[in-house]
Amino acid sequence: MKDQSRLPRLSRVAVCGGTHGNELSGVYLVRELLKVKKKKKKEEEDEDGGAMSVLLVLSNPRAMQQCLRYIDTDLNRCFTHACLIGPTLDKTPYEMRRARELNAMLGPKGSAGAMDLICDLHNTTANMGLSLITYSDHDWICMHIFRHLQRQIPDTPVRYIHYDVTSKESYSLDSVGKHGFAMEVGPQPHGVVRSNIYTTMKSGVQYMLDWVHFFNSGVIFDGGFMDVFTVVKHIDYPRDGETHNITAAIHPQLQDRDFCLLRPGDPLFQTFSGETLRYTGSEPLYPFFINESAYYEKGIALCLARKRRVKIPSVRVQTEEEERQNEQRYTSEEEE
Amino acid sequence: MSSFSSCQSVREARRVAIFGGTHGNELSGVTLVHLWMKNGTEIQRRGVETRPFITNPRAVEKCSRYVDTDLNRAFTPENLSAPADGQLPYEVLRAQEINRMFGPKGSPDAYDVIFDLHNTTSNMGCTLILESSKDHFNLQMINYIQKALAPASCLVLLNEHPLLKYSTARSVAKHPVGLEVGPQPQGVLRSNIFESMREILKHALDFIELFNEGVEFPPCSVPVFRVSERVDYPRDANGNIMAMVHPNLQDCDWEPLNPGDPMFQTFDGKTIRYQGSGTIYPTFINEAAYYEKQQAFVATRRETLSANAVRKA
């Protein structure tokens, strides 16, 4: 690979909260940032132009209002190509409509007009610290942002999770932008705002915006190595054949041990009669989203990932000349 | 002054109910009751009929706290006597049904004991909730449970406050007992929390069995935390929350909060301090379900109750 990657400026960034209406850090953080922005606008006649604009979005206002994850269907699964281009009818679920609105506002997904970077804020009941969740293991922008956060936030574990899914099949809000990730912070119960979790997320967003600003200003960020967790599979709870109710809970030795290696034979679940059920996979893997409340209905007790060391090149922003050349190439690709 | 307390005669506790799913997303109780409805061996005791029961099945199905209105606030005299028509909220109709099945509230036919199983997002550990400081049967049962669980702790919350007291599902029984175990997020089942609740109930049922066999329980003291007031989040003119529970207070249920101590932190980082006149013991700190009830925490004061000796009548 090249030693240095020259990438287009990130002029338009979106920070989204309330994609799930009961994940409150993002809701309150976006509200607070909107307040600060409003106050700043009053105080300063001219917006200080700058190299970057930040759009603040509350993604699912109806769900936020009722403090629910969603009203009809999970908004953060509505951004596949197929969902976005479907017809909007009377019976179209609320979140499908909203996804199409958000796609028009922040996208359209896959086009030259889409946001340069989308950061979608989430909370989890799992003990995941701060996790950046993306679809790519070679998006140098996302990966450099991750590295920056990891260095700047020493007291919270910061990790990079990669879902190996094509752009067309990618289903979450962050996939609408040219670059994007979900910033997932936990553990926090849904419907609760914990000050330490809020502060972590606030720092995460601030450092991310700082990085983008430095990047746009021409700072060169050195390459190096980082750990990437690539999702392999998930495991459901054991369930009763008739009622479909779960018949075991996450084992006490696994509970809260996100990103601690799970080896074949390690305890997975504890049945209600006290029996230990063990991991029968052949490959040791890294568990995460352990006991996430919203995943019970999706049939997921935990997710499992492989960890690998990935080399990332140094990055710097393209010069204007390089950007023009790139645009021409993009246009001719589109025409093809 | 009398130097001895007489032994109180209390009727046998023959009919006991265990309520789960009063809030449909508090999963320890839902899971235990489902388990025991399938196989009730674990909760059987000599001389007691123990009935596990899901109080709010529609909320359990949706995994939400309630469908129309909070079932655990619905057992008011007005609701219980309201004419049952199609207009009543689901939980009010349900309260009437439960009152028929396990009450009527206040009558001699009511169930002797009801245990109502709850979880909280607050760091309250194992908590038993009492509605009366004068129910000596309950006080003795709690004393027994605490001794059986030691060194693990099980604290007692007493809500006898005329304004803050509320009409619970368990209040239908002669001896209502609330079990509150946390911290656990709504919609999540944590193994350790589940097992703790199970153990509390085991000892509670053991006590009832012993009591019904005629064992006399001598006078004892029961330290409690008495509810004194409800403290809301600071809110702006539109009613939106303006601050979060301060990191120094978060997870510190049952610990003293002194005047001047940090209480809340605004979203831009400023500290708001407790300005009361004396030390309070907050609990239900940052309970998810209480944001809509305007409650950041409940303030309590420490007290020691005296329980008379009790024996089966």
Side-chain angles (χ1 to χ4, degrees), chain A residues 22 24-25 27-36 39 66-69 123-126 186-199 202 237 240 242-243 245-256 267 269-274 276 290-297 301, chain B residues 25 27-28 30-32 34-39 41-42 60-65 119-122 182-195 198 233 236 240-251 262 264-269 271 285-292 296:
Chain A
N22 55 4
L24 296 191
S25 306
V27 170
Y28 283 101
L29 181 56
V30 168
R31 280 196 183 142
E32 181 66 16
L33 292 173
L34 282 165
K35 231 167 71 182
V36 169
K39 207 169 158 208
Q66 294 190 49
C67 199
L68 294 171
R69 182 178 175 83
N123 290 118
T124 173
T125 57
Q188 179 171 271
H190 299 314
V192 158
V193 60
R194 288 181 67 98
S195 43
N196 60 327
I197 298 289
Y198 174 86
T199 300
K202 187 173 183 195
Y237 291 96
D240 180 285
E242 280 172 39
T243 62
N245 288 333
I246 66 174
T247 55
I250 294 284
H251 197 278
Q253 283 173 37
L254 176 60
Q255 180 67 56
D256 300 332
F269 300 110
Q270 186 171 77
T271 68
F272 305 137
S273 52
T276 295
I290 299 174
N291 211 348
E292 160 54 51
S293 88
Y295 285 1
Y296 282 55
E297 71 174 20
Chain B
N25 54 10
L27 294 192
S28 304
V30 172
T31 307
L32 282 170
H34 277 155
L35 198 69
W36 291 330
M37 283 171 71
K38 212 169 170 190
N39 182 348
T41 315
E42 195 180 330
V60 168
E61 233 250 306
K62 281 177 73 180
C63 197
S64 63
R65 182 177 175 84
N119 292 119
T120 174
T121 58
S122 306
Q184 181 172 270
Q186 296 166 348
V188 159
L189 184 72
R190 288 180 70 105
S191 184
N192 59 330
I193 300 287
F194 171 82
E195 294 296 339
R198 197 176 193 171
Y233 294 94
D236 64 20
N240 292 319
I241 289 176
M242 272 170 42
M244 316 168 274
V245 171
H246 195 276
N248 287 23
L249 178 58
Q250 179 69 54
D251 299 334
F264 296 109
Q265 185 178 76
T266 63
F267 294 112
D268 56 358
T271 296
I285 298 173
N286 211 351
E287 159 54 51
Y290 289 175
Y291 280 52
E292 71 174 20

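Worth saying up front: this structure is predicted, and the values here are computed from it rather than measured. Letters go in sequence order (proteins before strands), and every chain restarts at 1.
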Region of [X] in contact with chain A, defined by heavy-atom distances below 4.5 Å:
X	answer
B/Glu195	side chain
B/Asn192	neither
B/Phe194	side chain
B/Thr31	side chain
B/His246	backbone

By a 4.5 Å heavy-atom criterion (distance strictly below it), what part of [X] contacts chain B: side chain, backbone, both, or neither?
X	answer
A/Asn22	neither
A/Ile246	side chain
A/Leu24	side chain
A/Thr199	side chain

Whether [X] side chain and [Y] backbone form a donor-acceptor pair below 3.5 Å:
X	Y	result
B/Tyr291	A/Cys67	no
A/Lys202	B/Phe267	yes
A/Tyr296	B/Leu189	yes
B/Arg198	A/Phe272	yes
A/Asn291	B/Val188	no

> Pick from A/Gly191, A/Ala294, A/Ala249: which one has the most heavy-atom pairs with chain B under 4.5 Å?
Replying inline: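 Of the options given, most contacts go to A/Gly191.
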> With chain B, which of A/Val193, A/Thr125, A/Leu68, A/Leu29 has the greatest number of heavy-atom pairs at distances under 4.5 Å?
Replying inline: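 Highest number of heavy-atom pairs under 4.5 Å: A/Val193.
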> When rounded to the nearest 0.5 angstrom, what is the spacing between NZ in B/Lys38 and CD in A/Glu242?
Replying inline: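 That separation rounds to 6.5 Å.
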> Hey, mind stepping through B/Asp268 and A/Lys35 against salt bridge (Lys or Arg N to Asp or Glu O under 4.0 Å) and telling me if it holds?
Replying inline: CA-CA 11 Å; B/Asp268 56 358; A/Lys35 231 167 71 182; over 6 Å; no
> For B/Arg190 and A/Gln255, what are the C-alpha separation, side-chain angles and deciding distance, and is it a side chain to side chain contact (heavy atoms under 4.5 Å, CB included)?
Replying inline: CA-CA 8 Å; B/Arg190 288 180 70 105; A/Gln255 180 67 56; 3.2 Å; yes
Which atom pair, heavy atoms only, marks the closest approach of [X] to [Y]?
X	Y	answer
A/Ser195	B/Gln265	CB-OE1, 3.9 Å
A/Pro252	B/Ser191	CD-OG, 3.6 Å
B/Gln250	A/Arg194	NE2-NH1, 3.3 Å

